[in-house]
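Down below is the structure, laid out as structure tokens.
On a predicted model such as this, the values are computed, not experimentally measured, just so you know. The figures here come from the full heavy-atom set of this structure, side chains too, leaving out hydrogens, waters and symmetry mates.
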Amino acid sequence: MRVGIPKEIKNNENRVAITPAGVIHLVHSGHEVFIQKEAGLGSGFTDQEYINAGAHIVATAKEAWSNDMVMKVKEPIAVEYDYFFEGLILFTYLHLAPERELTQALIRKKVTGIAYETVQLANGSLPLLTPMSEVAGRMATQIGAQFLEKPHGGKGILLGGTPGVKRGKVAIIGGGVAGTNAAKIATGMGAEVTILDLSQGRLVELDDIFGSSITTLMSNPYNIALTVSEADLVIGAVLIPGAKAPKLVTDKMIRSMEPGSVVVDIAIDQGGIFETTDRITTHDDPVYIKHGVVHYAVANMPGAVPRTSTFALTNVTVPYALEIANKGYMKACLENESLLKGINTLHGHVVYKAVADAQQLAYTNALSLLKI
């Protein structure tokens, strides 16, 4: 199979979809890899390293896209839609629920869209999303701490406080992978941390992990409102696989926060959990102020630490890519239920129900199309 790796063009997206080590895996299995010139530089990989691993360097994005399967990191943006063609296998983060134009382009061109974020194991875990959730969760706390500083528009507090001075309060909504990692950094900084989650079982697990260093609360409108109003930093870390994020923090709740408080919406690439994160920001211009509160809503947070993120991501994506390349996507997905769940668009149909529901589109079961 011919595998293309275009250069990421989203604002400040310095990750790349494959490392030289990943190229070696594919090439040794008899596949060809075509990497756009300088695609790896942001993550510290030179073209020569890819050549040494057996890849072909191509000059243009069009050449990278003109292959059987294209691997990316972030979802394509509008200028890339013209590269789509019928039969293309696109293996990347798609986050289609809030992206109607992208969904329509994939359907129109009959692209097989396999989304990293919906590949799901039997135990419900998301192996291709987990490493980036870990990175984003850890970043969320350090970013929040930075924007709490007065020169960055915050109220001017140190999360860990000092002897004789109160610690900062961090509220984390969602106790999954991102929320847990945010809590690890927040407790490490010495903050007073509260985690809210819908699952009593998960709250028990978090209590076992953190003990008395955090407070756990059942997630409901009353507890969210109370916790948000008292927090210096609120981190939104709720994920429903493939679906739009629920709006759990209302405009009224944000108004109840002290001026200079900070919110970080990790879920912004799925629509965000704050009513006030009504637009996506970029690493160039990451925050805006609303009701006196600093809002951080960058959709590709891990792109700011591309070296770490690229290694973490490709460690888990390359084995699935190799499976698709070795078997073809149909056989690979029929034999691997986790990979089957990753298919979002197929033969001009939406085959992931949460995406269809979010956009009020017809849903088709992928199996009915794969077995034709």
Side-chain angles (χ1 to χ4, degrees), residues 75 93-100 102-103 115-118 120 124-126 129-130 132-133 136-137 140 144 170-183 194-203 205-206 216-231 233-257 261-281 288 290-291 293 295-301 341 344 350 352-361 363:
E75 67 279 356
Y93 287 119
L94 286 174
H95 298 295
L96 290 182
E99 295 284 349
R100 189 172 185 86
L102 173 56
T103 304
Y116 291 164
E117 73 274 8
T118 63
Q120 190 169 21
S125 64
L126 305 167
L129 186 62
T130 293
M132 294 303 93
S133 295
V170 178
I172 301 169
I173 303 173
V177 174
T180 301
N181 279 273
T194 300
I195 303 181
L196 301 97
D197 197 273
L198 273 175
S199 167
Q200 178 64 29
R202 183 57 184 162
L203 294 177
E205 292 171 352
L206 291 167
T216 58
L217 284 177
M218 181 60 65
S219 182
N220 58 52
Y222 176 84
N223 283 339
I224 292 173
L226 180 62
T227 308
V228 167
S229 69
E230 297 175 345
L233 168 62
V234 181
I235 296 172
V238 172
L239 173 75
I240 302 173
K244 270 191 172 183
K247 296 293 185 182
L248 299 177
V249 180
T250 65
D251 184 273
K252 182 179 179 181
M253 293 176 190
I254 295 296
R255 290 175 186 270
S256 74
M257 299 179 74
S261 300
V262 176
V263 300
V264 177
D265 199 344
I266 298 174
I268 191 63
D269 53 7
Q270 290 290 99
I273 74 158
F274 299 87
E275 283 187 350
T276 48
T277 48
D278 50 11
R279 63 183 183 271
I280 292 174
T281 61
Y288 58 90
K290 193 162 189 177
H291 306 321
V293 175
H295 289 63
Y296 181 97
V298 174
N300 61 324
M301 290 172 64
K341 292 179 179 178
N344 280 213
V350 175
Y352 197 83
K353 194 169 189 309
V355 172
D357 290 346
Q359 300 189 23
Q360 297 181 315
L361 296 171
Y363 162 73

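D278 contributes atom CG, which lies 4.5 Å from atom OH of Y288 (distance to the nearest 0.5 angstrom). Summarising the geometry, atom CG belonging to L94 is positioned 8.0 Å from atom OG1 belonging to T103; distances are rounded to the nearest 0.5 Å. Note that the OH atom of Y296 and the OG1 atom of T281 stand 6.5 Å from one another [nearest 0.5 Å]. Between the CD atom of Q360 and the CZ atom of R100 there is a distance of 7.5 Å, given to the nearest 0.5 Å. Taking CG of L96 as the reference point, atom OG1 of T118 lies at 8.5 Å (rounded to 0.5 Å). In this structure, CG on L217 lies 8.0 Å from CG on L203, to the nearest 0.5 angstrom.
For the pair P246 and V238, the minimum side-chain heavy-atom distance is below 4.5 Å. With a 4.5 Å cut-off on side-chain heavy atoms, S133 and N181 do not count as touching. Using a 4.5 Å heavy-atom cutoff, the side chains of T180 and E205 are not in contact. Considering only heavy atoms from C-beta on, I254 stays 4.5 Å or farther from K290 through its side chain. Contact check for M257 versus V263: side-chain heavy atoms found under the 4.5 Å cut-off.
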Test side-chain contact (heavy atoms from CB on, under 4.5 Å) on D269 and N300; report intermediate values, then the result.
CA-CA 8 Å; D269 53 7; N300 61 324; over 6 Å; no

Stepwise side-chain contact (heavy atoms from CB on, under 4.5 Å) check, V249 with I173:
CA-CA 9 Å; V249 180; I173 303 173; 3.4 Å; yes

I would like to know whether L196 and L248 meet side-chain contact (heavy atoms from CB on, under 4.5 Å); could you show each step before the answer?
CA-CA 11 Å; L196 301 97; L248 299 177; over 6 Å; no

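Closest of all the heavy-atom pairs between S256 and S229 is OG-CB, 3.3 Å. Smallest separation of non-hydrogen atoms from D197 and G174: OD2-C, 3.7 Å. The two residues M253 and P221 make their nearest non-hydrogen contact at CE-O, 3.8 Å. Heavy atoms only, all atoms of each residue included: I266 and A237 are closest at CD1-CB, 4.2 Å. Across A245 and I273, no two heavy atoms sit closer than the pair CB-CG2, 3.9 Å. In plain terms, the two heavy atoms of G272 and D265 that are nearest each other are CA-OD2, 3.1 Å.
Paired with V170 under the rule side chain to side chain contact (heavy atoms under 4.5 Å, CB included), one option of I235, V264, T227 passes, and it is I235.
The aromatic rings of Y116 and Y93 lie perpendicular to each other, with more than 60° between the two planes, well past the 30° mark.
Side-chain atoms of Q270 come within 3.5 Å of backbone atoms of A243 as a donor-acceptor pair (strictly under, hydrogens ignored).
Residue pairs meeting the side chain to side chain donor-acceptor pair (under 3.5 Å) criterion with at least one member in residues 235-251, sequence neighbours excluded, are D251-R255, D251-H291.
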